[in-house]
Amino acid sequence: MLNCKQATELMSREQDDSLAFGEHLSLRFHVAMCAGCRNFRKQMAFLHTACARYPETEIKPENDRPPV
Amino acid sequence: MNVAISEQLGAFRGDLLRFAILQLRDRAAAEDAVQETLVAALEAAPGFDSRSQLKTWMFAILKHKIIDTIRRRSREPALGNIADDIPDDSFDSLFDRRGHWQRDERPADWGDPAKSLENTRFWAVFEACLDHLPEHTARVFMMREFLGFDTGEICKELGITPTNCWVLLHRARMGLRLCLDKTWFDPEKERSC
């Protein structure tokens, strides 16, 4: 069975590549039982979204709002 | 030359330069990439309805310039040992001996993180956290997330194995997550589970 450390590795890798069927299944199983890893997975997705938005973002507050 | 356009383009110079420096970790190379971007943008001088459209377009040009620079560099030797950037055991303290989250390190709920994306202060923290990543780790992560390389292309460009690549991406995400958690999302927040 996966532990959290192994699960984090898979949750990172699924951002870049599709997981093997067995990996995907054990990750699903682990995440269903572990709230910490569920949060981690959402955080990984958030990092990806943030990176995609970053170039459009105005850092200086006086500038226009970023596109929605 | 259309002064209005050149002023508009120049207004993004700071943001472009920060982005290029984060990626290249080399101010001179970053300045060159931004300069080339501004010149290319001036030459094309397209009409855009909004600032944000123009900015997106300029970042697209800059990304190509950064990719060119990375490709030129990867043909040069002495890239160093990429995989040793963040030590193997850097995040071991987050887990117990069985590999489960330590009670205090269990990832907390970040609430609605989308709200952070609307907050200009968040982006300053985000940049600072990216900047804290070691050079090679940051480069691999940004090639993946900002420049849109897939892992196969990263391996090819940098001469590393897919496993190395995943390890570096994982460490980058672990580092970035931890940095954002501690400096942006409430560090005192109640832990889940």
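Hydrogens, waters and symmetry mates play no part in the numbers below; they use all other heavy atoms, side chains included. Everything numeric in this text was worked out from a predicted model, so none of it was measured. Naming: A, B, ... by sequence-line order, numbering from 1 per chain.
Of all non-hydrogen atoms in A:C4 and B:H100, the two that sit nearest each other are SG-ND1, 3.5 Å. The shortest heavy-atom contact between A:A50 and B:W123 is O-CH2, 3.3 Å. The two residues B:D109 and A:N39 make their nearest non-hydrogen contact at N-ND2, 3.3 Å.
To the nearest 0.5 Å, atoms SG (A:C37) and CH2 (B:W101) are separated by 6.0 Å. With rounding to the nearest 0.5 Å, the separation of SG in A:C34 from CZ in B:R106 is 7.5 Å. Summarising the geometry, atom CD belonging to A:Q43 is positioned 11.0 Å from atom CG belonging to B:L176; distances are rounded to the nearest 0.5 Å. Between A:R53 atom CZ and B:F122 atom CZ the span is 10.0 Å, to the nearest 0.5 Å.
Proximity of B:F95 to A:T8: side-chain heavy atoms (C-beta onward) are separated by under 4.5 Å at one or more points. Between A:K42 and B:W110, every side-chain heavy-atom pair lies at or beyond the 4.5 Å cut-off.
Neither the backbone nor the side chain of B:L94 has a heavy atom closer than 4.5 Å to any heavy atom of chain A. In this structure, no portion of B:F91 lies under 4.5 Å from any heavy atom of chain A. Only the side chain of A:F46 comes within contact range of chain B, with heavy atoms under 4.5 Å apart. For A:Q15, the parts sitting under 4.5 Å from any heavy atom of chain B are the backbone and the side chain alike.
Both B:W57 and B:L16 are part of a single hydrophobic cluster, where members link through side-chain heavy atoms under 4.5 Å apart. One hydrophobic cluster, built from ILVMFWY side chains closer than 4.5 Å, holds both B:F59 and B:L42.
Using a 4.5 Å cut-off between non-hydrogen atoms, the part of residues 17-32 of chain A that approaches chain B consists of A:D17.
Remark: A:T49 pairs with B:L117 by the side chain to side chain contact (heavy atoms under 4.5 Å, CB included) rule, at least two apart or across chains. Under the side chain to side chain contact (heavy atoms under 4.5 Å, CB included) criterion, B:L22 pairs with A:Y54, B:E127, B:L130, B:D131, B:M142, sequence neighbours left out.
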- Message: Go through it in stages, so that I can follow the logic: the residues are A:E9 and B:M174, the test is side chain to side chain contact (heavy atoms under 4.5 Å, CB included), and I'd like the CA-CA distance, side-chain angles, deciding distance and then a yes or no.
- Response: CA-CA 9 Å; A:E9 287 161 14; B:M174 291 292 274; over 6 Å; no
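Salt bridge annotation for A:K5-B:D92: present, with a cationic side-chain nitrogen under 4.0 angstrom from a carboxylate oxygen.
Residue pairs meeting the salt bridge (charged side-chain N to carboxylate O under 4.0 Å, His left out) criterion with at least one partner in residues 142-153 of chain B, sequence neighbours excluded, are A:D16-B:R144, B:E145-B:R173.
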